[in-house]
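Here the structure comes first, spelled out in structure tokens, and everything after it is commentary.
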Amino acid sequence: MSGDDGGVSGDDRPRVRYEKHAGVARVTIDRPAVLNAMDLRTHEELAAVWDDFEADDDLRVAVLTGAGDRAFSVGQDLRERARLNADGAAPTTFGSRGQPGWPRLTERFELTKPVVARVDGYALGGGFELALACDIIVASDRSVFALPEARLGLVPGAGGAFRLARQLPLKVAMGYLLTGRRMTAEAALRAGLVNDVVPAGGLDACVTGWTDDLVRAAPLSVRAIKEAVLRSLDMPLPDAFTAEFVWERRRMHSEDAMEGPRAFAEDREPRWLGR
């Protein structure tokens, strides 16, 4: 959420920067003047980016971040929301179906490529929800997380109410959800919500370490593991062992499944083909 968006009416500049290099997509919400608050156009641009990332076989991992050094994102552009409300727009609730940018990252349940959140500064409301939807979170030590919707007459509709209760002990999650209290990066690390907390000057190096390891791994194995883990979270354990997973089926019958053991036996680095 954003309480000080200051959105610029009529601003035609792109809201999102999208760059590709060596198998890594870098996705940057580019509205630093408003702490990377997300208006409807931002969501439309992000949807196009995620479509491309999913379809591009050369891309192995995405890094999602916010421009500047003050915020990852403070969530929904509340000034825009206030204007929409005044114009009689339909009220919002959980999920984004029927809204610009659907399915947003928070609802791309079939996306099996890994996404890393690079968080520097505020990750509030929808910004925190975006980070929670990523597979790995790396944060600077000056980062702050919160879901302040209860203080604004709203709900964490982009999945925060659901994901936080799954990623933290229930009582801890309820404390943050019902009060909108803020969580420091160190507290998030202790709670297991983030993977690494580093000084801001070391943030990019830490993210690169993660992306290097992800690109080094077998792409079909990464996708099979992510799909199996996320789909099986609510399954009884016997059902998880017998469930059908699309990407595991592809990995199991792939050339890469033969290449890994062969490379190990020959004492060399594997050459992944992704098939």
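Reckoned from all heavy atoms, side chains included, excluding hydrogens, waters and symmetry mates.
- By the 4.5 Å heavy-atom criterion applied to side chains, L164 and Y176 are counted as neighbours.
- The hydrophobic cluster containing F53 also contains V27, counting ILVMFWY residues as joined when their side-chain heavy atoms lie under 4.5 angstrom apart, directly or transitively.
- Not a single donor-acceptor pair under 3.5 Å links the side chain of R60 to the backbone N or O of A22.
- Side-chain contact between R262 and R268 is present, with heavy atoms from C-beta onward closer than 4.5 Å.
- R104 contributes a side-chain N or O that, together with a main-chain N or O of P100, makes up a donor-acceptor pair within less than 3.5 Å.
- Across E149 and G126, no two heavy atoms sit closer than the pair OE2-N, 4.1 Å.
- Put simply, the side chain of E44 never gets that close to the backbone of G101: no donor and acceptor are under 3.5 Å apart.
- Salt bridge present: D52 and K20 bring a charged side-chain N and a carboxylate O closer than 4.0 Å.
- Residue S254 holds its OG atom at 8.5 Å from CH2 of W272, rounded to the nearest 0.5 Å.
- Counting heavy atoms from C-beta on, the side chains of Y122 and R182 come closer than 4.5 Å.
- Put simply, the side chain of K113 does not reach to within 4.5 Å of the side chain of E54, judged on heavy atoms.
- Follow the hydrophobic side-chain contacts under 4.5 Å out from V197 and you reach V119 in the same cluster.
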### Task
List the steps, then state whether salt bridge (Lys or Arg N to Asp or Glu O under 4.0 Å) holds for K226 with D135.
CA-CA 9 Å; K226 175 174 175 176; D135 304 292; 2.8 Å; yes
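- Of all the heavy atoms in L177 and P156, the pair that sits closest is CD2-CG, 3.9 Å.
- For the pair C134 and A117, the tightest heavy-atom approach, listed with the atom from each and the gap, is SG-CB, 3.8 Å.
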### Query
Does the pair V144 and T184 meet the rule for a side-chain contact (heavy atoms from CB on, under 4.5 Å), with working shown?
CA-CA 5 Å; V144 178; T184 66; 5.8 Å; no
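- Environment of CE in M252: crowded, with over 12 heavy atoms of neighbouring residues, nucleotides or ligands closer than 6.0 Å.
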### Task
Output, in order, the C-alpha distance, side-chain angles, deciding distance and verdict of side-chain contact (heavy atoms from CB on, under 4.5 Å) for S140 and D69.
CA-CA 10 Å; S140 70; D69 58 6; over 6 Å; no
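- Taken from CG in L237 to CE in M235, the straight-line distance is 11.0 Å, to the nearest 0.5 Å.
- In this structure, R251 does not pair ionically with D256, as no charged nitrogen and carboxylate oxygen lie closer than 4.0 Å.
- Within 6.0 Å of CZ in R181 there are 12 or fewer heavy atoms belonging to other residues, nucleotides or ligands.
- Listed for the S96 side chain is no donor-acceptor partner under 3.5 Å among the backbone atoms of Q99.
- In terms of modelled atom types and a separation under 3.5 Å, the side chain of Q76 and the main chain of A37 share no donor-acceptor contact.
- Under the 4.5 Å side-chain heavy-atom criterion for ILVMFWY residues, no single connected hydrophobic cluster contains both L84 and L78.
- Between the side chain of E80 and the backbone N or O of L40, at least one donor-acceptor pair lies under 3.5 Å.
- Between the side chain of E227 and the backbone N or O of V246 there is at least one donor-acceptor pair closer than 3.5 Å.
- A salt bridge links R41 to E45: at least one charged side-chain nitrogen sits closer than 4.0 Å to a carboxylate oxygen.
- Using a 4.0 Å cut-off between charged side-chain N and carboxylate O, E259 and R275 make no salt bridge.
- Closest approach of A146 to G180, counting heavy atoms only: CB-O, 4.1 Å.
- Remark: the backbone N or O of D58 is paired with a side-chain donor or acceptor of D56 at under 3.5 angstrom.
- With hydrogens and angles ignored, the 3.5 Å screen pairs a side-chain donor or acceptor of R108 with a backbone N or O of A47.
- Under a 4.5 Å side-chain heavy-atom cut-off, the cluster of Ile, Leu, Val, Met, Phe, Trp and Tyr residues that includes V138 is completed by V24, V61, V63, V116, I136, V198, L203, V207, W210, L214, V215.
- With rounding to the nearest 0.5 Å, the separation of CG in L35 from CE in M38 is 12.0 Å.
- Within the 4.5 Å cutoff, the side chain of L124 has no heavy atoms near those of the S73 side chain.
- Across all non-hydrogen atoms, the minimal contact from A173 to A165 is CB-CA, 3.8 Å.
- Residue D57 places its CG atom among 12 or fewer non-hydrogen atoms of other residues, nucleotides or ligands, all under 6.0 Å distant.
- Remark: R81 engages N85 in a side chain to side chain donor-acceptor pair (under 3.5 Å) (not counting sequence neighbours).
- The pair R26-D204 meets the salt-bridge criterion, since a charged nitrogen lies less than 4.0 angstrom from a carboxylate oxygen.
- Across R31 and T42, no two heavy atoms sit closer than the pair CD-OG1, 3.7 Å.
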### Query
Could you go step by step and tell me if L147 and L154 meet the side-chain contact (heavy atoms from CB on, under 4.5 Å) rule?
CA-CA 10 Å; L147 293 169; L154 304 172; over 6 Å; no
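- In the hydrophobic clustering of ILVMFWY residues, with side-chain heavy atoms under 4.5 Å counting as a link, Y18 and L105 come out together.
- Under the 3.5 Å distance criterion, with hydrogens and angles disregarded, a donor-acceptor pair is assigned to the side chains of W102 and E107.
- Distance check, rounded to the nearest 0.5 Å: CG of L168 to CE of M174 gives 12.5 Å.
- Note: the hydrophobic cluster containing F245 does not contain L111 (ILVMFWY, side chain heavy atoms under 4.5 Å, direct or indirect links).
- For the atom pair L189 CG and D196 CG, the distance stands at 7.5 Å (nearest 0.5 Å).
- Proximity of I137 to L193: side-chain heavy atoms (C-beta onward) are nowhere separated by under 4.5 Å.
- The existence of a salt bridge linking D39 and R79 is excluded, since no basic side-chain nitrogen approaches an acidic carboxylate oxygen closer than 4.0 Å.
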### Task
Check the pair W50 / L64 against side-chain contact (heavy atoms from CB on, under 4.5 Å), numbers first and verdict last.
CA-CA 11 Å; W50 298 125; L64 175 62; 4.2 Å; yes
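- F145 has its ring centre no less than 6.0 Å from the ring centre of F72.
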### Query
Where do T211 and T208 land on the side-chain hydrogen bond (donor to acceptor under 3.5 Å, both in side chains) test, with the steps shown first?
CA-CA 5 Å; T211 57; T208 297; 4.8 Å; no
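- In this structure, OG in S143 is found 9.0 Å from CZ in R118, a value given to the nearest 0.5 Å.
- For the pair N36 (side chain) and A71 (backbone), a donor-acceptor distance under 3.5 Å is present.
- Side-chain contact between R166 and L233 is absent, with no heavy atoms from C-beta onward closer than 4.5 Å.
- With a 4.5 Å cut-off on side-chain heavy atoms, T106 and R163 count as touching.
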